[in-house]
Amino acid sequence: MTMILADADIQSIWLTVRLASVVTVALLILGTPIAWWLARTRSRLKGVLGAVVALPLVLPPSVLGFYLLLAMGPDGPVGQLTRVLGIGALPFTFRGLVVASIFYSLPFMVQPLQNAFESIGERPLEVAATLGASPLDAFFTVALPLARPGFLTASILTFAHTVGEFGVVLMIGGNIPGVSRVASVQIYDHVEALEYAQAHRMAAVMLIFSFIVLLALYVWRPGTMKTTRKD
Amino acid sequence: MGLLRTFLVLLVCFGCAVSSAHAEKITIAAAADLKYAMDEIIAGFRKGQPAHEIDVVYGSSGKFHTQIRQGAPYDLFFSADISFPRELARQGLAAGEVRPYAVGRIVLWSSSMDAAKMTLADLVDPKVTKIAIANPKHAPYGKRAEEALRSAGLWDRLQSKLVFGENISQAAQYVQSGNAQVGLIALALVRNPELSKRGGYYLIPENMHNPLEQGFIITRPGAGKPLAGSFADFMDSKQARSIMTKYGFALPGDKTGK
């Protein structure tokens, strides 16, 4: 890869991989309880939370970027909170991008997980309960292993979707090398600067990567995509 | 099903409404620094010709350059850097010559500090943690900002504080929202009432950077449209020139560019 890509390009790809990995891990931790609750609850709030989780699917990234920029800015509620906590301002930082991407990729984690949990059904958990397992026990020893394909799909989709992020990063990132200049932004810059050769090379890398990820999902796990069709 | 049908009917109606509109219509691609000035100029022009429709798109000059090369249907292209329209003219993508229309200036501006009392040297102050400029890689105002910081001998020292807007208007928005304390942005943008009420600005001396010579062309798609030609001529009118001057642009054939 060093042969065809410049150092700055590799830096941006590496940054993208780092961002997508951190976001995937963070969303595994945050998304699992949300998906579990959505799958099990009969509360009327289920519809509301489900809709909130799905919002990033339909919201333009510019809307999300705009709100995040204002909210995380020095006068915004999140910005004031982070200042009090001593974290400092979030826009133009890697941390800020992680926070934004968590919102942006939330449905890609939660929805496949929710589907996986729902397809387990009540039965295995009831059996676990009669055998004396606590709800937490049943979750870790029964639900989690049964939902493993769902976790795989959710993680791959979340990772890939974060790699494909552009609009939100452009709005709150500030295009800083090594901090917020991710691969998609780097390609955009190449195009704007009329450096088509570099843009072509990076775009090809992204295209091949995305195709391989989706190929893996469709070919190796033919059943999984059907259950997540609604996202 | 009923909903879908209603939607389709509406869509068809909308299509008819659009196609039956007035024939004379042009689309202008304008550099982001022209945002407020061009809006006023178009409003002035339309007063004389209310029947016509003028769409304007603001963005980075480099992007418009690329898009026009790829056949974008803009009839006029106002660039923040005259080299872009010159390049297009060389490639035969312009109808007629490249017309210089203004020389832009950059300023130091802040929405939280009084930038009028600042100079570039104040940017090393630790209180300033983020400085917004347009991306020097492709935005003309970003290039000039980089040149100014280099002439001041500050470019290397300020590297860790710089954030890059996709175009000059995004750089201004980073400052306006307070996410960057200061920015090196277009004078034309801070002359807008909305921004100018938020503190003063420091005009960066002209000799610290190459001139921001701006030019426009009528593109090939605009060649056959009389409206494009009359709008181009309107740029030379007293009214348009006074609007440009109000926004801090120095004009070709004028000696008031101080």
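Numbered from 1 within each chain, the chains take letters A, B, ... in sequence-line order.
Side-chain N or O atoms of B/Gln170 include one that pairs as donor or acceptor with a backbone N or O of A/Leu170 at under 3.5 Å.
Atom CG of B/Leu162 and atom CG of A/Asn175 lie 11.5 Å apart (nearest 0.5 Å). The line from CD1 of A/Ile176 to CD of B/Gln159 is 10.5 Å long, rounded to the nearest 0.5 Å. Residue A/Leu69 holds its CG atom at 10.5 Å from CD of B/Gln176, rounded to the nearest 0.5 Å.
B/Lys130 touches chain A through its side chain: at least one heavy atom from C-beta onward sits under 4.5 Å away, while N, CA, C and O do not. Of the two parts of B/Thr66, the backbone and the side chain both hold a non-hydrogen atom closer than 4.5 Å to a non-hydrogen atom of chain A. Both the backbone and the side chain of A/Val191 have a heavy atom closer than 4.5 Å to some heavy atom of chain B.
Annotation for B/Asn179 and A/Gly73: closest pair OD1-CA, 2.9 Å, computed over non-hydrogen atoms. Scanning all heavy atoms of the two residues, the minimum distance from B/Ser177 to A/Pro74 falls at O-CD, 3.9 Å.
Remark: A/Phe66 CZ is loosely packed, at most 12 non-hydrogen atoms of other residues, nucleotides or ligands lying under 6.0 Å away. Atom OH of A/Tyr67 has 12 or fewer neighbouring heavy atoms from other residues, nucleotides or ligands inside a 6.0 Å radius. Crowding of A/Phe94 atom CZ: a count of heavy atoms from other residues, nucleotides or ligands under 6.0 Å exceeding 12. Around atom CZ of B/Arg69, more than 12 heavy atoms belonging to other residues, nucleotides or ligands sit under 6.0 Å away. Environment of CZ in B/Arg191: crowded, with over 12 heavy atoms of neighbouring residues, nucleotides or ligands closer than 6.0 Å.
In this structure, B/His138 and A/Asp189 have side chains that are in contact, with non-hydrogen atoms separated by less than 4.5 Å. Put simply, the side chain of B/Phe164 reaches to within 4.5 Å of the side chain of A/Pro177, judged on heavy atoms. At least one side-chain heavy atom of B/Lys63 sits less than 4.5 Å from a side-chain heavy atom of A/Tyr188.
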